[in-house]
There are 2 protein chains.
Amino acid sequence: MIKNKSLTTRDIIFQASVELFSSKGYHGTSIRDITGKVGIKESSLYNHFIGKEAILDAIMDYQMDVFNKAVKALEKLKFTDADNITDPVKFWMTGADEFLKYMDPLSELITQILINEMFLNQKCRQFYLNTMLLSQKKLVKTIFTEMRRKGMIKDCDIEKTASQYVYMLQGLEIENKLRAMEGEKTGKIQKHLFEQITLFIQGMKK
Amino acid sequence: MIKNKSLTTRDIIFQASVELFSSKGYHGTSIRDITGKVGIKESSLYNHFIGKEAILDAIMDYQMDVFNKAVKALEKLKFTDADNITDPVKFWMTGADEFLKYMDPLSELITQILINEMFLNQKCRQFYLNTMLLSQKKLVKTIFTEMRRKGMIKDCDIEKTASQYVYMLQGLEIENKLRAMEGEKTGKIQKHLFEQITLFIQGMKK
DNA sequence: GTCTATAACTCGATAGAC
DNA sequence: GTCTATCGAGTTATAGAC
């Protein structure tokens, strides 16, 4: 959607809603906020979405698509490019990059919306649990299984270890995002993230 | 506050607000919701709080107090009761229990409010980063340091490992809370939590 | 400290002209 | 598909009687 330069009004409403919902919250964002940002009147919005909730539904459909594509792609991947890599940290980073290809800035904001709403909205809660968290665990498990097959990491409960990794990464990313919002330098944040990932993967080394 | 049976109107408003903010969100909760639950008229609320935001401020002050007390108590603790414990997992659980003494059901709900609001409200974001997350890391570090001193765990970067533990526990607790809201049985949830903590602490064993 | 009454405003949504 | 105009309900907050 982002690559397409001829955006429809619906697309522009969608994008503006993602930005506003993520920064002001779903309840904190009014139809007036959205249409004001888009440059149309409130009533015009109803030609594209039947109501405010329909926008949130569309946002979750979009995110579901992103994750489904990423999971499918990584499961098909043969890791042939990484055949010559023996260092687990390097191998991990290669796999993680493959996944990040499917994430766009919109997806990142949608994740933020889901965290904002998961305790408040059942649809968001179920999506977070059954799609987002599940996909992330699947993706991590896929790479860990491949690393185990290659004998790069020691024997462990891959299911539980993948869960731990997802929780850790989520915690790190939330903290980093919040620190960035508070004006902390991204360089320091990136370094911190890399160090923590390295520590985790090295702990799995043989 | 909970133990005191002669609650003031202000206390009842406070408690009702915590419950409503955590389940419906700050923006999703109206003054009418709060006063309706308390059993007073909207206007009466303004005799106890200057406005809606002042209630949220009071909630954060309360949580700050809870964490400050927990950190102070654990830092003073001499771990004498745990002298005869040699198993790291058992030692850890004893220390974690000490911390849990200071948490009440209200504190748990306030944590939920903070997660809901951390991306939306700067005061909540700063409180989450500088008080809650920092206190939790301090608490974990205190116990890990004691375990290291006793030679129960291998040499490691305690600062980073404590961060990883906090992230993991937070991720687990969020997922568990969400699953409980979706009707999953608490027994299964508790078992899962215990297994993950055990796996983490055992990974630190000598 | 509680109440009634109400101000002043914003909310999501609709009807109907163009 | 956009607009103007408007609705009814809900929002925080205040004034003033008791």
Side-chain angles (χ1 to χ4, degrees), chain A residues 1 4-62 110 113-114 116-117 119-124, chain B residues 1 4-61 110 113 116-117 119-124:
Chain A
M1 178 188 292
N4 189 346
K5 264 133 192 178
S6 63
L7 293 173
T8 64
T9 306
R10 197 191 137 98
D11 293 337
I12 301 170
I13 293 170
F14 180 88
Q15 219 161 314
S17 300
V18 169
E19 285 163 20
L20 286 166
F21 288 169
S22 66
S23 62
K24 304 180 67 178
Y26 177 75
H27 275 103
T29 302
S30 65
I31 298 286
R32 268 182 182 70
D33 289 332
I34 299 169
T35 54
K37 191 172 172 128
V38 173
I40 54 170
K41 293 293 165 188
E42 292 98 294
S43 52
S44 301
L45 182 137
Y46 294 90
N47 287 315
H48 306 283
F49 293 95
I50 58 158
K52 198 182 171 185
E53 220 186 316
I55 305 178
L56 191 59
D57 290 343
I59 289 172
M60 282 190 273
D61 286 344
Y62 176 88
I110 295 171
I113 297 172
L114 287 166
N116 289 340
E117 301 296 327
F119 284 120
L120 312 176
N121 178 307
Q122 199 192 25
K123 237 183 269 177
C124 287
Chain B
M1 179 188 293
N4 189 346
K5 264 134 193 177
S6 63
L7 291 174
T8 64
T9 307
R10 196 191 137 98
D11 292 336
I12 301 170
I13 294 171
F14 179 89
Q15 219 161 313
S17 299
V18 169
E19 285 163 20
L20 286 165
F21 287 169
S22 67
S23 64
K24 304 181 66 178
Y26 176 76
H27 275 103
T29 303
S30 66
I31 298 287
R32 259 203 259 295
D33 289 331
I34 298 169
T35 55
K37 190 171 175 130
V38 173
I40 54 169
K41 293 292 166 188
E42 293 98 296
S43 51
S44 303
L45 182 137
Y46 293 91
N47 287 314
H48 306 282
F49 293 94
I50 58 156
K52 198 182 170 186
E53 220 186 316
I55 306 178
L56 191 60
D57 290 343
I59 290 173
M60 282 189 273
D61 285 344
I110 295 172
I113 297 173
N116 287 339
E117 301 296 327
F119 285 120
L120 311 176
N121 178 308
Q122 199 192 24
K123 240 183 265 176
C124 287

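All values below were derived from every heavy atom in this structure, side-chain atoms included, with hydrogens, water molecules and symmetry-related copies excluded. Keep in mind that this is a model prediction, so the values were computed, not measured.
- Taken together, the paired segments of DNA chain D that extend over three or more consecutive Watson-Crick or G-U pairs, each closer than 3.5 Å at both contacts, are C:1-18 with D:1-18.
- Remark: B:Ser43 engages B:Lys41 in a side chain to side chain contact (heavy atoms under 4.5 Å, CB included) (not counting sequence neighbours).
- A salt bridge (charged side-chain N to carboxylate O under 4.0 Å, His left out) check over residues 16-26 of chain B, counting only residues at least two apart or in different chains, returns the pairs B:Glu19-B:Lys37, B:Lys24-B:Asp33.
- Every residue meeting the side chain to side chain contact (heavy atoms under 4.5 Å, CB included) condition with A:His48, not counting sequence neighbours, appears here in chain and number order: A:Thr9, A:Arg10, A:Ile13.
- Here the side chain of A:Lys52 is nearest to one of C:dG12, C:dG1, D:dT14, namely C:dG12.
- Applying the side chain to side chain contact (heavy atoms under 4.5 Å, CB included) test to B:Ile12 and every residue at least two apart in sequence or in another chain returns B:Leu7, B:Val38.
- Contact of the B:Ile34 side chain with the B:Phe21 side chain is registered, since non-hydrogen atoms from C-beta on lie closer than 4.5 Å.
- Counting only distance, with no hydrogens or angles, the side chain of A:Ser17 and the backbone of A:Ile55 share no donor-acceptor pair below 3.5 Å.
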Could I get a table of every N or O pair under 3.5 Å where one atom is in the protein and the other is in nucleotides 4-9 of chain C?
residue: C:dT4; atom: O4; partner: B:Ser43; partner atom: OG; Å: 2.7

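- Every residue meeting the salt bridge (charged side-chain N to carboxylate O under 4.0 Å, His left out) condition with A:Lys123, not counting sequence neighbours, appears here in chain and number order: A:Glu53, A:Asp57.
- Across residues 19-26 of chain A, not one residue has a non-hydrogen atom less than 4.0 Å from an atom of DNA chain D.
- Applying the side chain to side chain contact (heavy atoms under 4.5 Å, CB included) rule to A:Ser23 yields no partners; only residues at least two apart in sequence or on another chain are considered.
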